[in-house]
Amino acid sequence: MSTETAATAAQVAALSPVEWAEARSRVYAAGLAAALPAVDRPLAEADGHTLAEPLTTRTDLPAFPTSSVDGWAVRGDGPWQVVGRVLAGQTPPPLTDDGSTVEIATGAMVPAGTTAILRIEESTRTADGQVAGTPRPAFEWREPGEEAYAGEELLPAGTLVDPALIGLAASCGHDSLRVRRQPRAALLVFGDELLTSGPPGAGRVRDALGPAVPAWLRRYGCQVRPADVVGPVADTLPAHVAALRGALADADLVCTTGGTMHGPVDHLHPTLAELGADYVVNTVAVRPGFPMLLARLVDGDGRVRFVAGLPGNPQSAVVALVSLVAPLLAGLAGRPMPVLPQATLAEPIPGRGDYTHLALVQFDRAAGTVHPLRHVGSAMLRGLAGADGFAVIRPGTSGEAGDRVPVVPLPLLPGERVAQS
């Protein structure tokens, strides 16, 4: 390691941890400043993306008057002489004569000249085949523009695309959507002590993050291929530099596991110095999850990429994901900063002094409360497997039963909305 690199590492080690909420704000701003380019995606491929421009209507909704019921489109007073039939998908001729009617199906275009629609179940037929009955006072059809007018903004840029939005876009006449390109992510697993198959033993532990982190990243909307997961990377500086340089060639975000401290085989900080990265956040005052980092690299052509250093302990790594990676990805997608839902504590949760405490909890949706879980050590995953998120206990406080606290939800599948208690 060069003298300059060693000095940089020493300076890094001396930095004070950033307060948790401030760290989230910083990484979100960094992501938003580097928001990914807009691309066109067919509706069938848009789920989980983010709108890059507002969703507007191409026509009035509905585009023409449509019947709300099965019945008779009539003109004037009855009884009415049947002169035709109109089904959905047809363009009917106008009703020009008083006392005339056409049978009409739900969703069909209402003929010009119609003065009322008589429901089929409220009609009768006379001996000579005419239609009789009393139409309801209210119109039984939808007027053009009743839902929206042509060119009206329905949803703003930054809205997450889900199945409901896709259906709305189709009803507006869109075949594709202008969305942010999804981030490409990679994972580097550090640690010679890790096994990638079989049970742990003989001083070696099974790598839990290599299989799990890509799945979390996909739930945040990233594209992660099997080839993008590399490791365990040898515990040498040249191996770390080569692995990170290779991952950054294609990825917008590279997550690493372990190596965020400054021990004899912790090479992440020297690697970042070697590659010319600058820190957006280096260490966060949060427990569990210490230490974590987010660094940024800028190419000569202005291309920005990020490295998220996740701790090696599995639960701490997930805390780093929800703390730093989630707001970063929201910024890259041009979405608003995630707003944390509030929930009521069913039981007390201790504070962690000057650090924010992210406590694993499970929602009781019937009661509208959250319950802290057991088995929540930094190296444990049993509690995480049954959790819905993390209750946020702010520095210098503790959570008492009945307190309303923010909750950081764990990511769901792309496009799903987070349930709030």
Side-chain angles (χ1 to χ4, degrees), residues 1-34 185-191 209 213 233 235 237 240-241 243-245 247-248 251-298 304-313 315-332 337 352-358 378 395 408:
M1 185 187 303
S2 69
T3 303
E4 181 181 352
T5 301
T8 301
Q11 293 166 3
V12 164
L15 292 175
S16 298
V18 178
E19 195 272 324
W20 181 77
E22 169 63 20
R24 285 170 56 82
S25 295
R26 284 191 197 178
V27 299
Y28 173 74
L32 192 62
L187 174 67
L188 302 181
V189 178
F190 297 154
L209 295 175
V213 170
V233 177
D235 278 336
L237 180 58
H240 278 53
V241 170
L244 187 53
R245 181 176 282 125
L248 289 168
D252 303 294
L253 166 67
V254 178
C255 292
T256 65
T257 66
T260 53
M261 294 289 285
H262 299 274
V265 292
D266 293 328
H267 301 296
L268 179 56
H269 290 288
T271 297
L272 292 172
E274 181 78 16
L275 296 179
D278 67 274
Y279 292 93
V280 179
V281 169
N282 181 36
T283 72
V284 180
V286 62
R287 290 286 194 269
F290 190 88
M292 64 179 74
L293 65 86
L294 186 85
R296 172 177 48 208
L297 298 96
V298 183
V304 180
R305 292 154 300 158
F306 294 93
V307 177
L310 314 181
N313 278 324
Q315 191 193 156
S316 293
V318 177
V319 169
L321 281 170
V322 302
S323 298
L324 299 184
V325 174
L328 171 75
L329 293 174
L332 286 174
M337 176 71 168
R352 299 295 292 269
D354 293 335
Y355 288 76
T356 295
H357 182 196
L358 293 191
S378 294
V408 184

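Computed from a predicted structure; not experimentally measured. Throughout, residue positions are numbered sequentially from 1 according to the sequence presented.
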> If you round to the nearest 0.5 Å, how far is CG of Leu297 from CG of Leu244?
Replying inline: 7.0 Å
>> Under the criterion side-chain contact (heavy atoms from CB on, under 4.5 Å), I'd like the reasoning laid out for Thr257 against Leu187: C-alpha separation, chi angles, the key distance, then a yes or no.
In response: CA-CA 8 Å; Thr257 66; Leu187 174 67; 3.7 Å; yes
> What are the two closest non-hydrogen atoms of Pro291 and Pro311, and how far apart are they?
Replying inline: O-CG, 3.1 Å
> Any cation-pi pair here, Arg26 with Tyr28, using under 6.0 Å and within 45°?
Replying inline: no
> Which atom names give the shortest non-hydrogen contact between Pro288 and Leu358, and what distance separates them?
Replying inline: CD-O, 3.5 Å
>> Are the side chains of Arg287 and Trp20 in contact, using a 4.5 Å heavy-atom criterion?
In response: no
>> Closer than 3.5 angstrom, by distance alone: can the side chain of His267 be matched with the main-chain N or O of Asp235 as a donor-acceptor pair?
In response: yes
> Distance from Leu324 atom CG to Phe306 atom CZ, nearest 0.5 Å?
Replying inline: 12.0 Å
> Of all heavy-atom pairs between Gly309 and Thr256, which one has the smallest distance, and what is that distance?
Replying inline: CA-OG1, 3.4 Å
> How many angstroms lie between atom CG of Leu248 and atom CZ of Arg305, to the nearest 0.5 angstrom?
Replying inline: 5.0 Å
> When the ring planes of Tyr355 and Phe290 are compared, do they come out parallel, tilted or perpendicular, using 30° and 60° as the limits?
Replying inline: perpendicular
>> Does atom CG (Asp278) have a neighbourhood of more than 12 heavy atoms from anything else shown, all under 6.0 Å?
In response: yes
>> For a quick test of reading the model, state the closest non-hydrogen atom pair linking Ser323 to Met292 and the distance between them.
In response: CB-SD, 4.1 Å
> Are any of the side-chain heavy atoms of Leu275 and Val241 separated by less than 4.5 Å?
Replying inline: yes
>> For the backbone of His240 and the side chain of Arg245, can you confirm whether one donor and one acceptor N or O come within less than 3.5 Å of each other?
In response: no
> Are side-chain heavy atoms of Leu293 and Leu268 found at a separation under 4.5 Å?
Replying inline: yes
>> Can you give me the closest heavy-atom contact between Asp354 and Pro395, atom names plus distance?
In response: O-CB, 3.5 Å
> side chain to side chain contact (heavy atoms under 4.5 Å, CB included) with Arg296: which of Val281, Val304, Leu272, Val307?
Replying inline: Val304
> Does the side-chain contact (heavy atoms from CB on, under 4.5 Å) test come out yes or no for Leu209 and Phe190, once each step is laid out?
Replying inline: CA-CA 10 Å; Leu209 295 175; Phe190 297 154; over 6 Å; no
> Would a distance-only check, ignoring hydrogens and angles, find a side-chain to backbone donor-acceptor pair under 3.5 Å from Ser316 to Gly312?
Replying inline: no
> When rounded to the nearest 0.5 angstrom, what is the spacing between CG in Leu294 and SG in Cys255?
Replying inline: 9.0 Å
>> I'd like to know if the side chain of Arg352 and the backbone of His357 have a donor-acceptor N/O pair within less than 3.5 Å.
In response: no
> How about Leu329 and Leu253: do any of their side-chain heavy atoms sit closer than 4.5 Å?
Replying inline: yes
>> How close do Ala247 and Val254 get, counting heavy atoms only, and between which atoms?
In response: CB-CG2, 3.8 Å
